[in-house]
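Written out below as structure tokens is the structure these notes cover.
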Amino acid sequence: MGCGIPLYVIKWESFVAVGVSKQDIREQIWDYMESQNLADFPRPVHHRIPNFKSKKTLLVPTPRLRTGLFNKITPPPGATKDILRKCATSQGVRNYSVPIGLDSRVLVDLVVVGSVAVSEKGWRIGKGEGYADLEYAMMVSMGAASEETPVATIVHDCQVVDIPEELVEEHDITVDYILTPTRVIATGCERPKPMGITWFKISREMMEKIPILRSLRAREQQAGKDVTLQGEHQHLPEPGRQQTVPLSADRRPPDTPGPEANSMEAARGSPPGEGALLTADVFVGNLPQDARVSDLKRALRELGFVPQRLTWQGPRLRAFLHYPDSATAQQAVSCLQGLRLGTDTLRVALARQQRDK
């Protein structure tokens, strides 16, 4: 039996109760859709993204990302209705598709994502495994999607509910359009979407299961990004403490200040080659590739730690902040820990002088 019109406007007031969780919302949606026989195969709908018929041609994510990110389905010439229907199944993906790798120059014009529940504000809840969020983040990382790429979800009217904003996390994808059997909702959501993979949310177990994720991590690590995984610890230099072993230029970690730090000290008249701290200079690393100097200045201004001067080295994903004295610089390092631009956590430490050979 289908859903009657009055049920389409149910607001599920209980969802906004104190202490509600994402799983609470999932269970209520799943229970309701089962009781009203609203979803297509496969059933039961619990622990799944509810299925609906679609006549659109799509790039589909590889199931659980086991062998790649996308598959482009290409039905055989003269395909019958039965073959076209089979193309939309997992077996059809294996038989009638071509994988699209990280190096493919594909641009996605519209992202259609499944949902268990969604709000008119654009907040979305999936089935709880995080694959849709990860797929979107991977598309952004490989340049297939961007902040301007619209995200839509197709749900039944009963799946449009109130969702508390505090349940939305920084890695969660939001939606711009909601399509139901009776409505098209433009959410007008202004919350920034993930700008890439949030590596500290990725477990070692997930890395083992998804080969393409390992490839992406290697690329971003080579580019100097912070790819620390869940449960790992970053090893940043402690403020005020010198390194005992100087690193040569070809053995520096990606975000460690190099010879530029030495040249800055020399420009200020300090003797090179002493291994001394540049006590008034602060190193900022792991800048996002698309970051602008104005983004960093704005973040520093909001925290009240605007430097006297800023040396921007965007292509090398880093910058140097110049403060009037060591005390101010050390205070800045302490207060700027955890500073983020987009989804990237920046590395902040006192700049250190390299030894002059």
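Numbering of residues begins at 1 and proceeds along the displayed sequence. Here the structure is a predicted model, which means the values were calculated and not measured.
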Ignoring hydrogens and geometry, is there a side-chain-to-backbone donor-acceptor pair from Arg217 to Val227 under 3.5 Å?
yes

Taking Asn286 for the side chain and Asp226 for the main chain, is one N or O donor matched with an acceptor at less than 3.5 Å?
yes

What do you reckon, is OH of Tyr177 surrounded by more than 12 foreign heavy atoms closer than 6.0 Å?
no

Counterpart residues, side-chain hydrogen bond (donor to acceptor under 3.5 Å, both in side chains), relative to Gln331 (two or more places apart)
none

Within the structure provided, determine whether Asp176 and Lys193 are in side-chain contact (heavy-atom separation under 4.5 Å).
yes

Ser97 vs Ile73 side-chain heavy atoms within contact, under 4.5 Å
yes

Is Ile202 reachable from Tyr131 through a run of I, L, V, M, F, W or Y residues, each pair having side-chain heavy atoms under 4.5 Å apart?
yes

Could you tell me which non-hydrogen atom of Pro194 sits nearest to which non-hydrogen atom of Thr343, and how far apart they are?
CA-CG2, 3.8 Å

With a 3.5 Å distance limit and no angle check, can you tell me whether Asp295 reaches the backbone of Arg292 through a side-chain donor-acceptor pair?
yes

With sequence neighbours excluded, what pairs up with Glu169 under the side-chain contact (heavy atoms from CB on, under 4.5 Å) test?
Lys22, His171, Asp172, Lys201

Side chains of Thr198 and Glu170: do they bring a donor and an acceptor to under 3.5 Å?
no

Who passes side-chain contact (heavy atoms from CB on, under 4.5 Å) against Thr153, sequence neighbours left out?
Val113, Ser115, Val118, Val155, Val175, Ile178

Go through the side-chain N and O atoms of Gln23 and Arg26 and say whether any donor and acceptor fall under 3.5 Å apart.
yes

Check whether the side chains of Asp82 and Thr80 place a donor and an acceptor atom closer than 3.5 Å, and report yes or no.
no

So which atom in Leu350 and which in Ala329 form the shortest heavy-atom distance, rounded to 0.1 Å?
CD2-CB, 3.9 Å

Looking at Glu205 and Lys209, does any basic side-chain N land under 4.0 Å from a carboxylate oxygen?
yes

Answer yes or no: is there a side-chain heavy-atom contact under 4.5 Å between Pro307 and Val282?
no

With heavy-atom distances below 4.5 Å as the criterion, would you say the side chains of His322 and Asp281 are in contact?
yes

